[in-house]
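Working notes, beginning with the structure itself.
Quick note on labels: first sequence line is chain A, next is B, and so on, each numbered from 1.
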Amino acid sequence: MTPGSRAEFGTASSNATAEEDAVRVANQPMMIRVKHAVFGAIGLPVVLLLGAWIGFFNVGASSGHWKVTAWFLQLAMRSAVRTYALAVDAPKTLDRRGLPAAAGHFARGCAICHGAPGELRSPAVLRMLPQPPDLALTVGDWTDAQLFRIVKHGIRFTGMPAWPARDRDDEVWAMVAFLRELPKLNPNEYRALAFNGSDATGSDRQPATPDVLSDCTRCHGGDGEGRSEAVPALAGQKEAYLLASLQGYAKGDRTSGFMALPVTGIAPDEMAALARYFAMLPPASGEHDQIPAAVINSGRQIAEAGIPERNVPACDGCHIGSDKNPIYPRLDGQHAAYLEQQLKLFRSESRGGTPFWRIMATAAQRLTDDDIRAVSAYFSKPAEDAQQPP
Amino acid sequence: MSANAGLLVGCAFWFLAHGSSWVAAEEPGHRQAKVVEPLIEPMIPDTPQSSNPTAPQDSPGSGLSLFLSNGCGACHTIRGTEACGTIGPDLSHVGSRSAIGAGVLPNTEEAFARFVARPDLFKPGVKMPAFDMLPQTEIQTIARYLKALQ
């Protein structure tokens, strides 16, 4: 107001001396700039806040973002994923042993938004803002490390959630391996990978809740043997351990994104029924990878005698024998890849579960990678004798 | 002098009365125990140890069966039982020691219970994990069993 009127007055006045004019012309632009800056710094946030307060900004998803907003958000998202993925240490080859579990998780948790081979997405999902990408088409835009970053941390403002379990990078990598497969899968292949084994036929024993059971057998198999090396065999496992594990997952004492979804909403009596059901299934007959005898023998040594010079107690002291605490799991016949992963999680104190987890963490922290591989291989061979009748 | 003689006589009598079953209980698969001479004349309570040397796996819920089922035997030896671990101290006669936990706790049942639950509180850097997740009654039973290992 004041600068404007002064400027008009300045230009209109022919009576003023030349000297006065020169002073005014020199001072005026500086005054205007300062005032604008002050207005920008104080006024603009106030105006924006006022606009938000009176409800000026439309948050409806129906009309989409302004073009400039969409451009900016895309730019910021892609750049941030690219930059933060630089810190991700991606393996040279992705471990495919977790594919069935990852596929099952994808079918349960991801496909509703991102689509799946042979499945139409809901019209409601298509009206989300931003619209979730059809991953079969877009997954090729990203590197493994970038996919890991997105799956693990999610993306703000988009509805893409972070991985529901801390310290389970192994599961996130399994998801990345599955996403790499996704574009190659036809509907039948996808369904076979994600759902095979969901029907608990072949067994006359049914737990009280078959609906919940299909969530288990999707990954653990109708026979309870685990549909891949990375998924634990449950058949013949001790009932008390199975129940304590389910409760541990439900309470968050044991973390797993794969388990977090299905375990939510299982009633306590259903948990008990499921634990009983899998405990009663006949344990694995065992078909395992070829493992060198030297590795197995070294594993047997650890299992039976421990490594006294490094204060590693014998595994058998807790895990073999029907007279042991029923909350200590049996390990014979378990998948080697699963055992390896769990021992590493124990070693980094990332695996809770039963209240006894710290005992196992103490022991695992004294094991090297080679020890872990050997002892896991040893236990993965089928049980030779009936030390623990199911 | 006479006190020492009395102690020796007492030990001799005790050994005649209980020693044979005691040695038998230690025999399976283990070398002869180095006898830690008790400071006072030991009184053997009714422990499972002397009752049936051939079947140390007695009733479920007893101190020994809790000791074994929770895996203590993977680190500790108690001669005459399955427990043959070598990582932790040999507990065959732990109840007759003058003190436990590297000397910081008196040799009492209550001290055993406290040590089993949280060994790290009494012995910093201890290799043994805490067993405070066990029900208190089970810890007490194990403590009573350990104290009775004379």
Checklist outcome for this item: Okay, A:Arg310 and chain B: the region with an atom under 4.5 Å from a heavy atom over there is neither
Item to check | Validation row: B:Met133, A:Ile359 side chains within 4.5 angstrom (heavy atoms) | outcome: yes
Checklist entry - Of all residues at least two apart in sequence or in a different chain, which pass the side chain to side chain contact (heavy atoms under 4.5 Å, CB included) check with A:Asp369? => result A:Lys344, A:Arg347, A:Arg373
Item to check | Gap separating the CZ atom of A:Phe356 from the CG atom of B:Leu134, nearest 0.5 angstrom | outcome: 4.5 Å
Checklist entry - Is there a side-chain contact between B:Glu82 and A:Asp323 (heavy atoms, below 4.5 Å)? => result yes
Next on the checklist: Using 0.5 Å steps for rounding, measure from the OG1 atom of B:Thr86 to the CD atom of A:Glu309.
Outcome noted: 9.0 Å
Checklist entry - What distance do A:Asn325 atom CG and B:Leu68 atom CG have between them, rounded to the nearest 0.5 Å? => result 12.0 Å
Checklist entry - Taking all non-hydrogen atoms of both residues, which atom of A:Pro313 and which atom of B:Cys75 are closest, and how far apart? => result CB-SG, 3.6 Å
